[in-house]
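Working notes, structure below.
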Protein chains: 2
Amino acid sequence: MKVSNPTSRDIAEIAGVSQATVSRALRNSPLVREETREKIQQIARDLNYFVNRNAAGLRTHQSNTIALLLFDETEGRHAVINPFFLSMLGFITRAASKHGYDVLISMQQLSDDWHIEYQASHRADGLILLGYGDYVTYRAKLAALARANTRFMIWGPTINDQPGHSIGCDNINGGCQATNHLLQLGRRSIAFLGSTSKRSPELAARYDGYCAAHHDAGVPLNERLNIPAWSAAGEGYRAVEELLQRREPFDAIFAVTDVIAIDAMRALKDNGYAVPDDVAVVGFDDISLAEHVTPSLTTVRQDITLAAEGLVDGIVGLIRGEPVESTLMAPQLVVRASCGAR
Amino acid sequence: MKVSNPTSRDIAEIAGVSQATVSRALRNSPLVREETREKIQQIARDLNYFVNRNAAGLRTHQSNTIALLLFDETEGRHAVINPFFLSMLGFITRAASKHGYDVLISMQQLSDDWHIEYQASHRADGLILLGYGDYVTYRAKLAALARANTRFMIWGPTINDQPGHSIGCDNINGGCQATNHLLQLGRRSIAFLGSTSKRSPELAARYDGYCAAHHDAGVPLNERLNIPAWSAAGEGYRAVEELLQRREPFDAIFAVTDVIAIDAMRALKDNGYAVPDDVAVVGFDDISLAEHVTPSLTTVRQDITLAAEGLVDGIVGLIRGEPVESTLMAPQLVVRASCGAR
DNA sequence: ATACACAGATGAAGCGGTTCATCAGTATGC
DNA sequence: GCATACTGATGAACCGCTTCATCTGTGTAT
C-alpha cells in the first residue's frame, strides 16, 4: 500500500478505525487500546507518515518551536558573531530538542516588530535573547515584548525592574576574580579593555568587578589604562595600539571578552611585548579557542551548558505557565599560561 | 478598539469587508482596490495583527522555513562545532531572510528519520546540510532523502552520481595551492594533518591536492608525514605529538582545517619549535580567528558569504521548482605569517 | 432484570487562513 | 438596447489535525 502524502485519514482507513483514534494513538493516548495503538503506529511508520505541524499547531495554538534572537555588539554590520554565543547556540539547540522543541534562529531585526511577530504569528512559542547588545534600544524592545505578553528569556544580568526573566553570570564577581588574580601575581598596572558603558551592562559589570578588586586590594585605579573596545575582529589589536600610544606603563591586561584578549595578545607580540612576562593577560568567556592560542589564555569561564539548559528550561516553563525564577550563575577563573601564574 | 488575539475576521469586521478581502489585502493582491488595501493594512498594524503561520501553512502546504542540519565530525559527543560552519550559519540565516525564509537549526539526528521528517511534517520546505560529516552513513541518508522527494542542498563536493544538489569549494585545488606555496618557499618535508579517508571526501580531496602538488613539483611523498586528525579540540595538538614521536624530520605542516592548524601551532611551540622558522604552517577554511592567532595563520579561504547565498538560492530554487545547478567554487590562498613568506 | 460504571471508539466542530467559483455594478462595443 | 468585458468584492470549501460530546458494548452492583 502506497500513499504519496499520507494523512491521518489515510491511516485511519487502512487501520479500519476513525481518524480521531489515529490522532490519539499517535500521541500515545491511554484512551486507545494498546493493541490498536501499536497497529496504527506501525502503519504510520510503514507509510512514512508524520503529523502535519501546521495543522496540529493551528488547532493547539502551539508551534513547539523556540525562537533564538542573536544580538550583535557591532551594529549588525559585521557578520561575525561572538563565538561565545555561537557555541551557546549549539547547547540551546540540544537542550531544546530534549524538551521536544525546535529552534528558529534570527540574527537581525527584520521589522520593528520582529520581537512580537515571532509569537504573534505562531512561529514560536517563546523567545530566547542572546547577545552583549545595546541595552538602550534593547530594553525598549523588552518592554514592548512584555506588553505584548510574549514569553521570553534573556541571557544576561538581572537588572532591577527589567521586564522578563533572565539567566546570567555574576559578571561583577567574574571581573573581580580576574583582576584579583592579576593583583595577587604582583601586577599593579592593569589595563582594562572593553566597554564600561551602561549600554552594555554585562560588560560594565565586569568593569565594576575590576574596580572592586582594586579597591579591596588598596590599589588605586588609573583611568588612563581604561581603553574602550568591542568584541569585533581587530578591536583588541586597535585597543592595544591606543594603549601604547598613551605611553602609560602597564604590566597586565584584563580584557572584557576572550575575543578582545586574543586579539590584544597578537598586538602585544607585534609590538615586542612578551606575554605573560612583560604583560599578563586575562580574558572572559572561555571560548573554545582560548585554550588553544599561544600562550593559552587565562580567562573567566561561564558554564554555557548550564546556561543553555537554564534558558531552555525557563522558556519551557513560561510556555507551560509555571513560575520561573531568574538566576545568577557563578563564574569560574580558569588559570592558563597568559597570566604568568605558572 | 482592542482585540487580544486578532484574526483576519476581526479585521474584516472592523474594516467592513469580507475576511477573504482581508487575506488578499494583506498580501498586496491587485484584486483589492488600493484604498481598501491600505485601510485594511492600517487596521492590521493598529491591532498588532500578524498572519497565523500555521493556518497559512496548512492551506498552502508551505512553511517558509528552511531547516539547517549540522553534522559533526566527532560523533556528536563534543558540543563543539567547527567555527567555520557556525559562521556559515550566520550568513545562511541572513541570505534566507532576504528570501523571506526562516531558518530552523538542528544539530543532532533525533530519530532515524529526522531528515525526512522535517519536510514531511511541513516544518520546513527544504533542507541545507552542513558539515565535514561521515559520508558513509551520510550518503545513505541522502539516498533516503532523494527517495522521499525531499528538497535539499549540500555543502560539499559534488560526487559522481551523488543524489541531490551541492555547492562546494574545489578542495583539490585548495590543497594544491596550499602545498604549492610551501614547496615554493623551499619546504620539502611537508607533514599532512587530517583525514584521507573516503568517509570525509572533502578532506580527502584536500589530501589529493597535497599529493598533486608534490607530484607536479617532482617532490616524493613521505607517507610517514601523514598524520590522521579530526577537527576537534586537542586533535591538532595530539597529531603533532604523534608526528614528533615518529622522529621523521619535517619543515612544514599542511593542516586540513584551521582548527587543526591552530592547535598544531600550539603543540609546536610547546615542544620548542618556532613557527614559521622551524616549521611553516598552512591551514584551511580561514575561520575568523586565523587572522588573530600568533603567528597569524596562512590558510585557504572559502568564500562563505557566496557559499551561503548559493545554498539558499539553490534551496529556494528547488522549492519553486526551478532548475538548480551544483557549483564548485574556487578557493583562495591567504598568505599571512605562519608560512614564513614574509 | 434494571441501573450504573467504564473502557474503547466515533462524529463533528473548529482552529485561521487561502483560493476557487460567483456575483454585483459599471464601462465598452456594435 | 443588449451582449460583453472588466473591476472589486463576496461566500464557501478546504487544508489536516485536536478534542468535546456521544455512543456502544461489556462487566458489576442492586
Side-chain angles (χ1 to χ4, degrees), chain A residues 3-41 43-44 47-65 100 117-125, chain B residues 3-41 43-44 47-65 100 117-125:
Chain A
V3 185
S4 67
N5 237 331
T7 71
S8 59
R9 275 209 169 67
D10 296 325
I11 301 204
E13 203 169 329
I14 296 170
V17 298
S18 76
Q19 181 270 331
T21 301
V22 172
S23 175
R24 285 210 181 74
L26 292 175
R27 283 169 315 112
N28 293 314
S29 161
L31 296 176
V32 179
R33 208 193 330 152
E34 186 166 335
E35 185 194 325
T36 317
R37 191 196 311 163
E38 291 192 346
K39 175 171 145 202
I40 290 172
Q41 291 187 348
I43 294 173
L47 292 185
N48 255 324
Y49 168 84
F50 294 96
V51 173
N52 182 323
R53 295 300 217 80
N54 285 324
L58 174 58
R59 187 62 234 245
T60 58
H61 302 282
Q62 296 210 338
S63 61
N64 286 298
T65 300
E117 184 171 357
Y118 273 98
Q119 190 176 321
S121 67
H122 291 269
R123 267 200 287 248
D125 299 330
Chain B
V3 186
S4 67
N5 237 330
T7 71
S8 59
R9 276 205 170 71
D10 295 325
I11 302 204
E13 202 168 330
I14 296 169
V17 298
S18 76
Q19 181 270 331
T21 302
V22 172
S23 175
R24 284 209 182 75
L26 292 174
R27 282 169 315 115
N28 293 314
S29 161
L31 296 175
V32 179
R33 207 189 334 148
E34 186 166 335
E35 186 193 322
T36 317
R37 192 197 310 164
E38 292 193 344
K39 176 171 143 201
I40 290 171
Q41 292 186 349
I43 295 174
L47 292 185
N48 256 324
Y49 168 84
F50 295 96
V51 173
N52 182 322
R53 297 299 219 80
N54 285 324
L58 173 58
R59 186 61 236 239
T60 59
H61 302 282
Q62 295 210 337
S63 62
N64 285 298
T65 300
E117 184 170 357
Y118 274 98
Q119 190 176 321
S121 66
H122 291 269
R123 268 200 287 248
D125 299 330

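Side-chain atoms are counted along with the backbone in the values below, which use heavy atoms only and exclude waters and symmetry mates. Labels below follow one simple rule: chain letters A, B, ... track the order of the sequence lines, proteins then strands, and each chain is numbered from 1.
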Between which nucleotides of DNA chain C, read 5' to 3', does contact with chain A run, using atoms under 4.0 Å from its heavy atoms? C:dG8 to C:dG16
What N/O pairs connect the protein and nucleotides 17-20 of chain D at under 3.5 Å? Give each pair on its own line.
{"unit_1": "D:dC17", "atom_1": "OP1", "unit_2": "A:Tyr49", "atom_2": "OH", "d": "2.4"}
{"unit_1": "D:dC17", "atom_1": "OP2", "unit_2": "A:Ser8", "atom_2": "N", "d": "2.6"}
{"unit_1": "D:dC17", "atom_1": "OP2", "unit_2": "A:Ser8", "atom_2": "OG", "d": "2.6"}
{"unit_1": "D:dC17", "atom_1": "O5'", "unit_2": "A:Tyr49", "atom_2": "OH", "d": "3.4"}
{"unit_1": "D:dT18", "atom_1": "OP1", "unit_2": "A:Arg27", "atom_2": "NE", "d": "3.4"}
{"unit_1": "D:dT18", "atom_1": "OP2", "unit_2": "A:Ser23", "atom_2": "OG", "d": "2.2"}
{"unit_1": "D:dT18", "atom_1": "O2", "unit_2": "A:Arg59", "atom_2": "NH1", "d": "2.4"}
{"unit_1": "D:dT18", "atom_1": "O4", "unit_2": "A:Gln19", "atom_2": "OE1", "d": "3.3"}
{"unit_1": "D:dC20", "atom_1": "N4", "unit_2": "A:Arg24", "atom_2": "NH2", "d": "2.8"}

Can you pull the side chain to side chain donor-acceptor pair (under 3.5 Å) pairs that have at least one residue in residues 15-24 of chain A, sequence neighbours excluded? A:Ser8-A:Gln19, A:Ser18-A:Thr21
How many angstroms lie between CG in A:Leu26 and CD1 in A:Ile43, if you round to the nearest 0.5 Å? 10.0 Å
So, does B:Ser121 use its side chain to make a donor-acceptor pair with the main chain of B:Glu117 at under 3.5 Å? yes
Between the first and last five pairs of the helix from C:dA1-D:dT30 to C:dC30-D:dG1, the angle of the axes, rounded to 10 degrees: 50°
Is it the case that over 12 heavy atoms from other parts of the model lie below 6.0 angstrom from the CD atom of A:Glu13? no
Looking only at non-hydrogen atoms, find the nearest pair between A:Val32 and A:Ala25 and report the distance. CG2-N, 3.9 Å
Walking DNA chain C from its 5' end, the first of B:Asn54 and A:Thr36 to be reached, judged by nearest nucleotide, is A:Thr36
Verdict with supporting geometry, B:Leu47 and B:Ile14, side chain to side chain contact (heavy atoms under 4.5 Å, CB included): CA-CA 11 Å; B:Leu47 292 185; B:Ile14 296 169; 3.7 Å; yes
Whole angstrom is fine here: how far is it from CZ in B:Arg33 over to C1' in D:dC6? 15 Å
Scan for side chain to side chain donor-acceptor pair (under 3.5 Å) pairs involving residues 48-61 of chain A, sequence neighbours excluded, and state none if there are none. none
Listed pairs under 3.5 Å, donor-acceptor, residues 33-40 of chain A side chains, sequence neighbours left out:
{"unit_1": "A:Arg33", "atom_1": "NH1", "unit_2": "A:Glu35", "atom_2": "OE1", "d": "3.3"}
{"unit_1": "A:Lys39", "atom_1": "NZ", "unit_2": "A:Ala15", "atom_2": "O", "d": "3.2"}

Interatomic spacing from CZ in A:Phe50 to NE2 in B:His122 - rounded to 0.5 Å: 11.5 Å
Main-chain N/O of A:Asn64 paired with A:Asp125 side-chain donor or acceptor, under 3.5 Å: yes
Name the nucleic acid region contacted by A:His61, choosing base, sugar-phosphate or nothing; use a 4.0 angstrom heavy-atom cut-off, strictly under. sugar-phosphate
